[in-house]
Amino acid sequence: MMQLQQLELRRIALDLVTPFRTSFGTEQLRDILLLHVTTDQGEGWGECVAMAEPAYSAEFVDAAVIVLRDHFWPTLTAGGPITAEEVTERLARYSGHPMSKAALESAVLDAQLRAAGTGLHTYFGGDRDRIPSGVSVGIFDTLDELLAQVQGYVDDGYARIKLKIEPGWDLEPVRLVRELIGPDMGLQVDANTAYDRTDGEHLARLDEYDLLLIEQPLPEEDILGHARLAEAIETPVCLDESIVSLQTAADAIELGAAEIINIKPGRVGGYLEARRIHDLCVDRGVPVWCGGMVETGIGRAANAALAALPGFTLPGDISASSRFYRRDIVTQPITVDDGHVRVPDGPGMGFELDHEFLDSITTWSTTLNAS
Ligand code: SMG
Ligand code: MG
């Protein structure tokens, strides 16, 4: 049991090395909310993966600040001493805001593990010390730019390529990238909900490119549409945005809408729920992989520990920090060697902060006491 004492909410601004365009918008500068919790047994940090705009999902950074400051933190601390495993339960009466809940649970879990002198990797019991690394490639104005970018990632040694697609940017980019990388390298696509139920025949034309999967072609709520599409095309259908909990994962699998699942701890309310979804998928024989939300070294380290679990049989979106950032806020940024990322083995989530740099990019902060 830990007594929570203080929560510092801190916003940082980090430029991306190159704009990241998806079917829902372009990211150029990340506005990231970090949580720093102080307890009677030490400190912990968590990263909130909400974006500045409510486009990937309904959450966004300004809203995360409000819900954490005015609702989650007061309720969490009013209940007395706590373990990380009880955070979700104590916030159960609040609907939505999984990314904010996940960030709070992560910070508490980081503190708890550091106090115990153990790491997330050991806590989860993953059986690998390195995992294959995939890279997510955005949409470009021209095919030449796309191919140059992909060639760069191939040279960096990535184990698989994921292309962002949308209507008008799908068959031709995929054809050319498949030609560039050859038949053996893993290739998959992510539509971020950009298609609808009438696009089945069009999407079936992707079948000839031997893709690992197509991620979230249809809207978040359209489980039936995904099930029908999965019947109609050969490329396995993978859900991202639709999977917001263990329950939605179980239902989507049962309905045939999720042949593969992208697990993102922020989207499902935390690393512990993410682990439960992993266990369910292992039980149901559904392959999973770890998604990414353009995290700093905090989230990237924790994702690597999660992805070391045996059900993560496909390469995740856990790329080198340098894929997005010139400089990370941790002292040992994630790197890719021989197509793999090392699973951190340090205490807590397995990162150490570069405090000087962190302070230099901090744009706002507030410190809250326990209620
Ligand atoms: O962290 O490598 C990463 C980003 C991976 O494509 C990625 N994430 O839908 O899977 C996804 C997107 C969501 C974030 S895009 C701003
Ligand atoms: Mg996705």
Side-chain angles (χ1 to χ4, degrees), residues 14-32 47-61 98-99 102 131-140 146 149-150 153 156 158-166 169 187-195 211-220 226 236-244 252 258 260-268 274 288-304 306-307 314-325 328 333-336 341:
L14 267 183
D15 271 319
L16 295 186
V17 292
T18 158
F20 186 44
R21 180 172 152 203
T22 65
S23 62
F24 61 81
T26 304
E27 292 280 327
Q28 171 80 73
L29 171 86
R30 289 277 284 123
D31 170 10
I32 304 172
E47 174 171 353
C48 180
V49 300
M51 303 275 158
E53 287 195 308
Y56 165 81
S57 71
E59 283 186 282
F60 59 106
V61 183
M99 294 171 179
I131 48 171
S133 172
V135 63
S136 176
V137 186
I139 293 167
F140 290 87
L146 170 72
Q149 201 75 34
V150 169
Y153 295 136
D156 291 340
Y158 281 103
R160 71 100 169 106
I161 303 285
K162 155 168 148 179
L163 299 184
K164 291 291 187 178
I165 58 167
E166 65 183 6
W169 185 267
L187 178 63
Q188 63 192 55
V189 293
D190 184 1
N192 288 110
T193 75
Y195 296 87
L211 302 178
L212 290 167
L213 57 92
I214 177 168
E215 184 180 348
Q216 197 72 40
L218 309 180
E220 184 175 325
H226 282 106
V237 170
C238 168
L239 294 184
D240 172 358
E241 284 89 332
S242 296
I243 305 298
V244 295
I260 297 175
I261 286 181
N262 165 332
I263 297 185
K264 284 180 184 165
R267 199 194 60 227
V268 303
V288 302
W289 55 283
C290 185
M293 289 293 288
V294 196
E295 287 94 340
T296 69
I298 296 180
R300 236 163 253 275
N303 286 348
L306 175 69
L314 290 165
D317 281 344
I318 308 175
S319 51
S321 170
S322 59
R323 149 73 184 93
F324 291 111
Y325 303 116
D328 204 331
I334 295 277
T335 56
V336 169
V341 154

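Both ligands and their constituent atoms are indexed starting at 1 by order of listing.
- Shortest distance from the Mg ion (ligand 2) to Asp240 is reached at OD2 (N/O/S atoms only).
- A cation-pi contact, defined as under 6.0 Å to the ring centre and within 45° of the axis, links Arg323 to Phe20.
- A salt bridge links Arg21 to Glu166: at least one charged side-chain nitrogen sits closer than 4.0 Å to a carboxylate oxygen.
- Looking only at heavy atoms of the protein, atom 6 (O) of ligand 1 is closest to Ser136 OG, 2.7 Å.
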Evaluate the criterion side-chain contact (heavy atoms from CB on, under 4.5 Å) for residue pair Asp240 and Tyr56; output intermediate values, then yes/no. CA-CA 10 Å; Asp240 172 358; Tyr56 165 81; 2.6 Å; yes

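- For Val135, no heavy-atom contact with ligand 1 is shorter than 4.0 Å.
- Among the atoms of Gly292, some N or O lies under 3.5 angstrom from an N or O of ligand 1.
- Under 4.0 Å from ligand 1, not a single heavy atom of Arg323 appears.
- Applying the 4.0 Å criterion to heavy atoms of Phe24 picks out, from ligand 1, the atoms 15 (S), 16 (C).
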Before you tell me yes or no, could you show the steps for Leu314 and Gln188 under side-chain contact (heavy atoms from CB on, under 4.5 Å), namely the whole-Å CA-CA distance, both residues' side-chain angles and the distance that decides it to 0.1 Å? CA-CA 11 Å; Leu314 290 165; Gln188 63 192 55; 5.7 Å; no

What's the verdict on side-chain contact (heavy atoms from CB on, under 4.5 Å) for Trp289 and Ile263, showing C-alpha distance, side-chain angles and the deciding distance? CA-CA 6 Å; Trp289 55 283; Ile263 297 185; over 6 Å; no

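- Looking only at N/O/S atoms, Asp190 comes nearest to the Mg ion (ligand 2) through OD2.
- The nearest N/O/S atom of Glu215 to the Mg ion (ligand 2) is OE2.
- Considering only non-hydrogen protein atoms, atom 13 (C) of ligand 1 sits nearest to Lys264 NZ, 3.5 Å.
- Looking only at protein heavy atoms, the nearest one to atom 14 (C) of ligand 1 is Met293 SD, 3.8 Å.
- Asp317 has no carboxylate O lying under 4.0 Å from a charged side-chain N of Arg300, or vice versa, which leaves the two without a salt bridge.
- Coordination check, Asp317 versus the Mg ion (ligand 2): failed, since every N/O/S atom of the residue sits at 2.8 Å or beyond.
- Between the side chain of Gln216 and the backbone N or O of Leu218 there is at least one donor-acceptor pair closer than 3.5 Å.
- Taking any N or O of Asp240, backbone or side chain, at least one lies under 3.5 Å from an N or O belonging to ligand 1.
- Here the side chain of Tyr153 pairs no donor or acceptor atom with the backbone of Gly134 at under 3.5 angstrom.
- Every atom of ligand 1 with a heavy atom of Tyr56 under 4.0 Å away is listed here by number and element: 9 (O), 13 (C).
- Taking every non-hydrogen atom of Lys162 and a distance limit under 4.0 Å, the qualifying atoms of ligand 1 come out as 6 (O), 7 (C), 10 (O), 11 (C).
- Between the side chain of Arg30 and the backbone N or O of Leu16 there is no donor-acceptor pair closer than 3.5 Å.
- Between the side chains of Glu220 and Thr193, no donor-acceptor pair is found at a separation under 3.5 Å.
- In this structure, the side chain of Arg267 engages the main chain of Asn262 through a donor-acceptor pair within 3.5 Å.
- In terms of protein heavy-atom proximity, atom 1 (O) of ligand 1 is closest to Val294 N, 2.7 Å.
- With a 4.0 Å heavy-atom cut-off, ligand 1 is reached by the side chain of Asn192 but not by its N, CA, C or O.
- At least one heavy atom of Glu215 sits less than 4.0 Å from an atom of ligand 1.
- The closest protein non-hydrogen atom to atom 16 (C) of ligand 1 is Met51 CE, 3.6 Å.
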Evaluation steps, side-chain contact (heavy atoms from CB on, under 4.5 Å), between Phe324 and Leu14: CA-CA 9 Å; Phe324 291 111; Leu14 267 183; over 6 Å; no

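- Among the atoms of Asp190, some N or O lies under 3.5 angstrom from an N or O of ligand 1.
- For the Mg ion (ligand 2), the set of nearby N, O or S atoms under 2.8 Å includes none belonging to Glu241.
- Here the heavy atom of the protein found nearest to atom 3 (C) of ligand 1 is Phe324 CE1, 3.5 Å.
- At least one heavy atom of Lys164 sits closer than 4.0 Å to an atom of ligand 1.
- Side chain of Asp328 to main chain of Ser321: no donor-acceptor pair is present (N/O by atom type, distance under 3.5 Å, no hydrogens or angles).
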